[in-house]
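The structure displayed is predicted, hence computed values, not measured ones.
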Amino acid sequence: MRRTRILTAVLALAAGLLAGTPPALAADSTAKVSLAADTYTWKNARIDGGGFVPGIVFNRKEKNLAYARTDIGGAYRWQESTKTWTPLLDSVGWDDWGHTGVVSLASDSVDPNKVYAAVGTYTNSWDPKNGAVMRSSNRGASWQKTDLPFKLGGNMPGRGMGERLAVDPNRNSVLYLGAPSGKGLWRSTDSGVSWSQVANFPNVGNYQQDPSDTSGYASDNQGVVWVTFDESTGTSGNATKTVYVGVADLQNSVYRSTDAGATWTRLAGQPTGYLAHKGVLDAAGGYLYLSYSDKGGPYDGGKGQVWRYATATGTWTNISPVAEADTYYGFSGLTVDRQKPGTVMATAYSSWWPDTQIFRSTDSGATWTRAWDYTSYPNRANRYTMDVSSSPWLTWGANPSPPEQAPKLGWMTESLEIDPFDSNRMMYGTGATLYGTENLTNWDSGGQFTIKPMVQGLEETAVNDLASPPSGAPLLSALGDIGGFRHTDLTKVPSMMFTSPNFTTTTSLDFAETNPNTVVRTGNLDSGPHIAFSTDNGANWFAGTDPSGVSGGGTVAAASDGSRFVWSPDGTGVQYTTGFGSSWSASSGIPAGAIVESDRVDAKTFYGFKSGKFYVSTDGGATFTASAATGLPAGDSVRFKALPGVKGDVWLAGGATDGAYGLWHSTDGGTSWTKLSNVDQADAIGFGKAATGASYQTLYSSAKIGGVRGIFRSTDKGASWTRINDDAHQWGWTGAAITGDPRVYGRVYVSTNGRGVIYGDTSDTSGGGGTDPTDPPDPTPTGACAVTYKITNQWSGGFQADVRLSNTGSSAWTGWALGWTFPNGQTISQTWNAESTQSGSTATAKNVGWNANVAAGSSVSFGFTGNWSGTNGKPTAFKLGDQNCTTA
């Protein structure tokens, strides 16, 4: 939850994302490049939350329309009917991985269908691409993008300040964006299509968290950090005259324009020595409220104040809930009740111990009450109760001494919003989840209000490693910030993360292939051991002992029978042990920092890789010998695995585009390797249950094949490949880990860098292979078919629909075109996973190249957004060529 989110993203992404072409090595000349269609259903293995939620935005015009932004895991829209969040940026692809970091969101209060996201993860060299502003006219169902000439930092210091992006509430074609890195204030006058710098804005900011940081991370100028309109100074269709802008400058933090941005001045009389994290305007009450901290957050902040500025008179009033001398934190979260002018709330975002604090005033800040107070130290009286039964891991399995409590009210509480239509509903983000209440006004009557996680559907973990044992729990995960989980049911939140010990980040895990009850994991911890063992398939754990010099988790491997382990920790060389790590011995012949894995058959055989060299041990890790093989990737952006059930069968994926990059296979324990000529690039490799009739386990890879990036499956030992995801399901960077399920054919678990663990299930139970995309498709099929048409989202004037077309005949299709007639004159605006045409009310959707092939008994899905008025009825008849399809 703290610094580890930065490290997870950077270390995972710093390598292997350059540009170029890998050289050819000794290749399998018989391999066939083939992509085929398959229909997958994608879901999250439920964790619910798991990361920082720095921003929550409610639409001011439409009830129940709300959005949340995350620092590396995309943006989400609230679904009131299910009380869940819908991810909106899963379409962000591999090359644009940084655009999963969302630095700001803006929901249009004139046209609620429109929403904007300012995206980009790092402003330094860690993110190779510039930031962008993404715009949607259908609430995030689909997006258009404008690239910016500078970077944005969704995971940079100061990311909890804001919102940097804002829509003029009177003339919604006008937007402002506050930029970091000295790039100033930017404006769009065409609804986000084009942007230009506001040349006369006087201050680009100067605050740096740590000017001495040579990486450019903590030394970045945090820049222009929020924009707030005074909607009372404009009329519909005319630009709002008064605009307030916050700047990361301890002496000059607030500026104002009273002529719609033509001129700007520093707001006179403002406090100095602080950064204004938020500026929230209550037009009905005539006040601009500001929360201040001496630091940019989200982790730091030792002093703070809250101020009120009277917009009519220019009077400043210090309304801090606590005297500055008594603060050991800054203020950030700030909100007003739009139904009850004068009601304002603020958070002590950087109060890590014993807990965060939330303050509430109903008299415009003249007096305040707190979410909790001391009775007699260390005992507390809370105005709230907490129910975390839906996410029980939020207690961290802790039983702290007062005044700490488990679960905590929160930390890093920089986002706090009262629903503008409902005084009883409030949401706030923490470093681990999004909490909310629906009886907030109990606070004022002396009762207790109930806080619960309001986070289902918002998955924000960064995944380092995955394992699916042949028995026991189907999924074990190694995660950043919250350690990892044992999923016995993918549809339910596990009761607790791995404990005893709780690693802040788990870096590696493994199980004994022939004894899956034996599991090992390694990770990072501020103090304490960096390795843990389980003898019951990960249900319970006990700590091992660190050898001297260990500073981080590194990678670990379990012998196939669980009798011994090899560990390559940070801070020292590779180590091996028999038993459960009560003592360790140094391995010889292998360099420090090597990646280690085990053979899945021979309990004494272990493998390692470092800087282009593959290493083998046949004596349980005591000594390693370098393979004579050459041509493997020179860097360390490599992941490799040994195949279960076959000694010496090893697959290696990785590299970088300025050198060797791809997928290699060895059948002699790494002595020699064959590079697959049909794989352009590969970054992770995994195995799953073999297809029906296949003699080899199914391969899964996050790869680039046939010039296309995606998640691929091979049922024929890599001779042909099927892309099993689609452009709507890409999840940014997926290179850390991938594994199939040894018990369920077609199921694959995919790591993401901020969207949690994604798993996919296939509709193709036959396990067929692929077909060559260069072969022309046969004529449109006329066999039996079935169609399911489902409206998945609907709003004023627009809707989103998903269509599933099933082949219920006895022969495969090698091309399809589905036609129907809209009953109420609806029109299609955008289609994915198909090509659409429309004439009047008659529409046709035709396959794209990669999903032309549909086996008998299988199905294919596509979706579209459309426009409607009056009535949005479903089509009642569908035709595949001349064949009428049944409808569900």
Value rounded to 0.5 Å, distance of [atom1] in [X] from [atom2] in [Y]:
X	Y	atom1	atom2	value
Lys183	Asn130	NZ	CG	8.5 Å
Asp282	Arg308	CG	CZ	11.0 Å
Asn59	Arg77	CG	CZ	12.0 Å
Leu250	Tyr207	CG	OH	6.5 Å
Gln222	Thr123	CD	OG1	9.5 Å
Phe229	Ser109	CZ	OG	9.5 Å

Legend entry - Residues which pass side-chain hydrogen bond (donor to acceptor under 3.5 Å, both in side chains) with Thr228, listed by chain and number, not counting sequence neighbours: none

Legend entry - Qualifying residues under side-chain hydrogen bond (donor to acceptor under 3.5 Å, both in side chains), relative to Thr242, sequence neighbours excluded: none

Verify whether one side chain among [X] and [Y] offers a donor that lies under 3.5 Å from an acceptor in the other.
X	Y	result
Thr240	Thr233	no
Asn203	Tyr255	yes
Tyr122	Asn155	yes
Asn170	Asn238	no
Ser332	Lys278	yes
Ser181	Asp220	yes
Arg135	Thr146	yes
Ser142	Asn138	yes
Ser829	Thr865	yes
Gln305	Ser320	no
Asp108	Asn172	yes
Tyr176	Arg187	yes
Thr347	Glu414	no

Please check: side-chain N/O of [X] versus main-chain N/O of [Y], any donor-acceptor pairing under 3.5 Å?
X	Y	value
Ser293	Gly304	no
Thr461	Gly50	no
Thr413	Gly410	no
Ser188	Ser194	yes
Thr311	Gly286	yes
Thr121	Gly98	yes
Ser107	Phe58	no
Arg159	Met156	yes
Glu417	Met426	no
Ser104	Leu165	yes

With sequence neighbours excluded, what pairs up with [X] under the salt bridge (charged side-chain N to carboxylate O under 4.0 Å, His left out) test?
X	value
Arg164	none
Glu459	none
Lys129	Asp96
Asp422	none

Legend entry - Residue pairs fulfilling ring pair (Phe, Tyr, Trp, His ring centres under 6.0 Å) with at least one residue in residues 136-157, sequence neighbours excluded: Phe150-Trp186

Inset, instruction - Just grab all the ring pair (Phe, Tyr, Trp, His ring centres under 6.0 Å) pairs involving residues 154-174, residues at least two apart or on different chains. - result: none

Inset, instruction - Step by step, work out the salt bridge (Lys or Arg N to Asp or Glu O under 4.0 Å) result for Lys303 and Asp294. - result: CA-CA 6 Å; Lys303 292 292 178 182; Asp294 59 344; over 6 Å; no

Inset, instruction - Assign the ring pair Tyr217 / Trp126 to parallel, tilted or perpendicular, where the plane angle (0 to 90°) is split at 30° and 60°. - result: parallel

Inset, instruction - Please work out whether the ring planes of Trp78 and Trp85 are parallel, tilted or perpendicular, with thresholds of 30° and 60°. - result: perpendicular

Inset, instruction - Could you go through the side chain to side chain contact (heavy atoms under 4.5 Å, CB included) check for Trp195 and Leu175 one step at a time? - result: CA-CA 9 Å; Trp195 292 83; Leu175 291 86; 3.6 Å; yes

Sequence-distant partners of [X], ring-ring contact (aromatic ring centres under 6.0 Å, His included), two or more places apart:
X	answer
Tyr309	Trp316
Trp226	none
Tyr67	none
Tyr244	none

Legend entry - His277 and its ring-ring contact (aromatic ring centres under 6.0 Å, His included) partner, picked from Tyr349, Phe331, Tyr292: Tyr349

Inset, instruction - Side-chain contact test, heavy atoms from C-beta onward, threshold under 4.5 Å: evaluate it for Phe52 versus Pro298 and give yes or no. - result: yes

Inset, instruction - Kindly indicate, with the supporting measurements, whether the criterion salt bridge (Lys or Arg N to Asp or Glu O under 4.0 Å) is fulfilled by Arg139 and Glu62. - result: CA-CA 12 Å; Arg139 307 176 186 229; Glu62 182 175 315; 2.8 Å; yes

Inset, instruction - For a side-chain contact (heavy atoms from CB on, under 4.5 Å) with Gln730, tell me which candidate from Asp95, Leu89, Asp90, Asn725 qualifies. - result: Asn725

Inset, instruction - Could you go through the salt bridge (Lys or Arg N to Asp or Glu O under 4.0 Å) check for Arg69 and Glu460 one step at a time? - result: CA-CA 10 Å; Arg69 63 179 171 96; Glu460 208 204 338; over 6 Å; no

Legend entry - Test log, rule salt bridge (Lys or Arg N to Asp or Glu O under 4.0 Å), inputs Lys295 and Asp300: CA-CA 6 Å; Lys295 304 290 184 181; Asp300 56 4; 5.7 Å; no

